[in-house]
Amino acid sequence: MRIDIIGGGSLGLLYGGKLASEGNQVRIWCRSMDQVLSLRTEGLHMTSVENLDASSVDPIQIEADVLDHFTEGWKRDPAEWIFLMTKQKDVAYIGSQLLAKMDKSTLKATHGMICFQNGTGHIELLHSLLPQWHIYSAITTEGAKRVSYNKVFHAGRGVTNFGQVTDEKFQKEDQNRRESENSLIYELRKAGFASDLSNKIVNQIYRKLLINACINPLTALWRIHNGELLATQARVDMMRNLFLEGTAVYDACGIYWDHNLWDQIMSICVSTSANTSSMLQDILEDNPTEVKWINGSIVTLADKKGLVATYHKSMVELIQGMSTKEG
């Protein structure tokens, strides 16, 4: 199977490396030529906590090029699947400047794109830019950290589910589409990813949104690992405030949430206790964060119902004030 991975970050390298190891034709599209050259000359190297599944992909087993060459590369040899693994802030540019310019004559019914972004709003944007595409949203709990341009550390195994956000014209039964989805699930599982197709992906999107909204901004503000959120009652109380405000917004919008979601958040803080959240990592590297797509999404939902999500709005303002770069 030919798979294009847009984004050479931690997840892009992890999925790209493992899928290439199993014989798939993987192309990784990177932001910098330095990363491209590193992958082309040295290959891709993966390690893990247990170091039991450390492995390497030789340069001959994987392709790499700069993102600006994507449209040209697609015209030459279109892939069956695109994994969009950039930050949320890059989706609009990639969708309008690269993906929308692809040669539509090469598009087949089996082609699909899976989006791995946090937050909400990007699927609707991509649907408007790419009406012919089958666009999926992915929710993954895989943990990874990019160590260098061509080295990735697999910090924790998880589950990867993907599905199409409800849109009647994309929900019609299509045998070719089902076969393509099943083939991808097979390749993901063969590569070591616990993966499945979900018809409840919207519920999972909003579940992950609220989990991230309760954990990520606080770790970034206090510059602490996830587990340290449980160190004091004051920290837990602030998480609880974000949670209660978020679930009140969900209730007003008719969005489903698990009755034990608070307990799940507590468990996640424990199971990922040593993790550095992506938002904290962005702050430490002085990069724009995804806060306006995470906490900001809850603020937007509240606005539509005439509510004020005070705690989440404060998170957006505080986190945006910490970065010198605009997202």
Side-chain angles (χ1 to χ4, degrees), residues 1-31 35-65 67 70 73 77 79-87 110-118 136-163 180-198 201 204 208 271-272 275-276 278 281:
M1 180 174 285
R2 177 171 280 285
I3 299 170
D4 277 325
I5 294 181
I6 298 180
S10 55
L11 288 180
L13 293 180
L14 179 67
Y15 281 77
K18 288 186 172 295
L19 286 165
S21 294
E22 293 300 324
N24 292 285
Q25 295 174 283
V26 175
R27 293 184 294 199
I28 299 180
W29 300 91
C30 312
R31 186 175 300 279
Q35 184 175 21
V36 170
L37 293 175
S38 181
L39 290 167
R40 284 180 179 177
T41 58
E42 301 173 17
L44 200 164
H45 308 281
M46 297 164 284
T47 58
S48 67
V49 176
E50 308 89 350
N51 212 32
L52 297 175
D53 57 351
S55 60
S56 296
V57 178
D58 292 334
I60 197 171
Q61 293 177 273
I62 198 163
E63 299 176 56
D65 206 342
L67 192 53
F70 176 82
D77 192 4
E80 290 178 65
W81 289 91
I82 294 175
F83 286 14
L84 184 57
M85 292 179 136
T86 62
K87 293 284 190 179
T110 54
H111 287 155
M113 176 163 56
I114 304 180
C115 304
F116 283 76
Q117 287 67 39
N118 294 315
Y136 299 73
S137 183
I139 300 296
T140 184
T141 53
E142 293 287 346
K145 182 178 181 180
R146 194 179 81 172
V147 179
S148 67
Y149 281 145
N150 69 331
K151 295 179 182 177
V152 63
F153 175 67
H154 194 181
R157 295 182 179 277
V159 175
T160 301
N161 291 325
F162 64 96
S180 182
E181 291 167 350
N182 290 335
S183 294
L184 179 61
I185 291 170
Y186 173 79
E187 293 299 337
L188 285 166
R189 290 175 177 173
K190 192 169 69 169
F193 297 106
S195 181
D196 214 338
L197 189 69
S198 172
I201 199 67
Q204 295 181 44
K208 186 174 183 181
S271 63
T272 64
N275 286 19
T276 299
S278 59
Q281 194 64 45

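Quick caveat, the model's predicted, so the values are computed rather than measured.
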Heavy-atom pair of closest approach, residues [X] and [Y]:
X: L44; Y: I62; value: CD1-CD1, 3.9 Å
X: G158; Y: A194; value: O-CB, 3.8 Å
X: G43; Y: P59; value: N-CG, 3.4 Å
X: W29; Y: G73; value: CH2-CA, 4.1 Å

Should we count [atom1] of [X] as having more than 12 external heavy atoms under 6.0 Å?
X: K190; atom1: NZ; answer: yes
X: K151; atom1: NZ; answer: no
X: R31; atom1: CZ; answer: no

Would you list the pairs meeting salt bridge (Lys or Arg N to Asp or Glu O under 4.0 Å) in which at least one residue belongs to residues 2-12, sequence neighbours left out?
->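 For residues 2-12, and leaving out neighbouring residues, the salt bridge (Lys or Arg N to Asp or Glu O under 4.0 Å) pairs sorted by first residue read R2-E63, R2-D77, D4-R27.
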Step by step, would you call L13 with L39 a side-chain contact (heavy atoms from CB on, under 4.5 Å)?
-> CA-CA 10 Å; L13 293 180; L39 290 167; 4.2 Å; yes
With the side chain counted from C-beta on, respond yes when [X] and [Y] share a heavy-atom pair under 4.5 Å apart, and no when they do not.
X: K18; Y: V57; value: no
X: V152; Y: T47; value: no
X: Y15; Y: I28; value: no
X: H154; Y: E142; value: yes
X: I185; Y: D196; value: yes
X: L67; Y: I6; value: yes
X: M113; Y: W81; value: no

Decide yes or no on side-chain contact (heavy atoms from CB on, under 4.5 Å) for I139 and I201, but give the supporting numbers first.
-> CA-CA 8 Å; I139 300 296; I201 199 67; 3.9 Å; yes
[X] (side chain) donor-acceptor with [Y] (main chain) under 3.5 angstrom:
X: Q35; Y: G8; answer: yes
X: S195; Y: L188; answer: no
X: N161; Y: S198; answer: no

Test I82 against F70 for side-chain contact (heavy atoms from CB on, under 4.5 Å), laying out the working first.
-> CA-CA 11 Å; I82 294 175; F70 176 82; 3.7 Å; yes
Test item: side-chain donor near acceptor, E181 and Y136, under 3.5 Å =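 Checked: E181/Y136 side chains pair up, N/O donor to acceptor below 3.5 Å.
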Exercise: do T160 and T140 side chains pair donor with acceptor under 3.5 Å =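 T140 and T160 do have a side-chain donor-acceptor pair below 3.5 Å.
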May I ask you to check whether F162 and F116 place their ring centres under 6.0 Å from each other?
->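 Judged by ring-centre distance (under 6.0 Å), F116 and F162 do not meet the cut-off.
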So how far is it from [X] [atom1] to [Y] [atom2], rounded to the nearest 0.5 Å?
X: S183; Y: M1; atom1: OG; atom2: CE; value: 4.5 Å
X: L19; Y: I5; atom1: CG; atom2: CD1; value: 6.0 Å
X: D58; Y: S21; atom1: CG; atom2: OG; value: 9.5 Å
X: R40; Y: N150; atom1: CZ; atom2: CG; value: 13.5 Å
X: E22; Y: R189; atom1: CD; atom2: CZ; value: 14.5 Å
X: S137; Y: Q117; atom1: OG; atom2: CD; value: 8.0 Å

Passes side-chain contact (heavy atoms from CB on, under 4.5 Å), K87 versus S278? Steps please.
-> CA-CA 10 Å; K87 293 284 190 179; S278 59; 4.0 Å; yes
